[in-house]
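Accompanying notes for the structure given below.
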Amino acid sequence: EAGVAQSPRYKIIEKRQSVAFWCNPISGHATLYWYQQILGQGPKLLIQFQNNGVVDDSQLPKDRFSAERLKGVDSTLKIQPAKLEDSAVYLCASTFLAVPTDTQYFGPGTRLTVL
Amino acid sequence: DQQVKQNSPSLSVQEGRISILNCDYTNSMFDYFLWYKKYPAEGPTFLISISSIKDKNEDGRFTVFLNKSAKHLSLHIVPSQPGDSAVYFCAASEDSGYALNFGKGTSLLVTP
């Protein structure tokens, strides 16, 4: 079974530029999560999708971050414009069921460096 | 506001000995707890979990203990192996939500 795929793996941009990350969850997984992991911290949830609907985006900085999950499969996370403090690893995870006890499977992440 | 705390950034253990990783939480609404393991340049992978109705869960070399009154859980690895060297994250969630609240992680090094 293929895991969660993310691209690109690494991205370096200058502040005020825009950037987009892509995630393809495990086939059949209805729930998709985007996390931000700043160096030395644990992952922090940015947004959760159930199929193509948003369940929780309370911690997403909506002035600069946006995310979509068209057709309930792939998802993109965009930052526009980027700030220095956005430097982090962006992790995508997915679960089969929309229940808290379902295991979240993580992709390898995209490491973003903002200069 | 860090609701899940892992106060030991690193731990070094000899191969064959027991590794004990600790985690404290502040939110009394948390009722499901997990440990994730992370190797460099990879995403976290699920290791073991425990619900609040239990105080112990065991899976092979890994055992998680939960002390609800102390809001404390620990992960025991016995015996420790060099391949266990990784960063271990403690995470917790509420029954009413799905978001995982992660600690900052503990870097475990198992030396031969």
Side-chain angles (χ1 to χ4, degrees), chain A residues 1-10 21 23-26 29-51 53-60 88-111, chain B residues 1-10 21-27 29-54 57 59 64 66 75 86-107:
Chain A
E1 178 182 78
V4 176
Q6 290 187 247
S7 68
R9 292 296 310 275
Y10 304 91
F21 313 127
C23 171
N24 181 238
I26 293 173
H29 280 198
T31 309
L32 184 147
Y33 310 78
W34 282 103
Y35 288 86
Q36 178 193 57
Q37 185 180 10
I38 293 172
L39 185 65
Q41 305 287 322
K44 182 186 83 170
L45 180 71
L46 291 176
I47 189 168
Q48 176 191 343
F49 290 95
Q50 177 66 22
N51 295 309
V54 175
V55 174
D56 182 358
D57 64 355
S58 58
Q59 298 194 81
L60 186 74
V89 175
Y90 291 84
L91 294 162
C92 179
S94 69
T95 57
F96 179 65
L97 298 173
V99 294
T101 54
D102 197 23
T103 299
Q104 293 190 23
Y105 294 89
F106 284 83
T110 296
R111 180 176 295 278
Chain B
D1 179 29
Q2 193 79 18
Q3 298 184 75
V4 177
K5 299 177 183 179
Q6 295 177 257
N7 294 319
S8 298
S10 62
L21 294 89
N22 294 302
C23 176
D24 297 293
Y25 61 96
T26 58
N27 187 342
M29 299 299 291
F30 287 151
D31 58 7
Y32 191 63
F33 305 88
L34 310 91
W35 286 92
Y36 276 81
K37 175 179 175 179
K38 186 181 184 304
Y39 292 118
E42 296 184 11
T45 55
F46 171 75
L47 189 59
I48 192 169
S49 64
I50 188 168
S51 73
S52 59
I53 62 173
K54 302 175 78 172
N57 189 27
D59 183 2
V64 56
L66 175 62
L75 174 68
V87 177
Y88 289 78
F89 290 99
C90 174
S93 68
E94 298 180 27
D95 183 48
S96 60
Y98 309 97
L100 289 179
N101 295 271
F102 284 87
K104 293 184 178 182
T106 296
S107 180

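The sequence lines fix the lettering, A, B, ..., with proteins before strands; numbering per chain opens at 1.
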For R111(A), is it the side chain, the backbone, both, or neither that has a heavy atom closer than 4.5 Å to a heavy atom of chain B? neither
Contact origin within Q59(A) toward chain B - heavy atom pairs under 4.5 Å: neither
Solution key, residues 38-49 of chain B side-chain donor-acceptor pairs under 3.5 Å, sequence neighbours excluded:
| unit_1 | atom_1 | unit_2 | atom_2 | d |
| --- | --- | --- | --- | --- |
| K38(B) | NZ | E42(B) | O | 2.9 |
| Y39(B) | OH | K37(B) | NZ | 2.9 |
| Y39(B) | OH | G83(B) | O | 2.7 |
| T45(B) | OG1 | K37(B) | O | 3.2 |
| S49(B) | OG | Y32(B) | OH | 3.0 |

Does a side-chain heavy-atom distance below 4.5 Å link L100(B) with Y33(A)? no
Of the listed residues (G109(A), P108(A), P43(A)), which shares the most heavy-atom pairs with chain B below a 4.5 Å separation? P43(A)
Partner set under ring-ring contact (aromatic ring centres under 6.0 Å, His included) for F89(B), not counting sequence neighbours: none
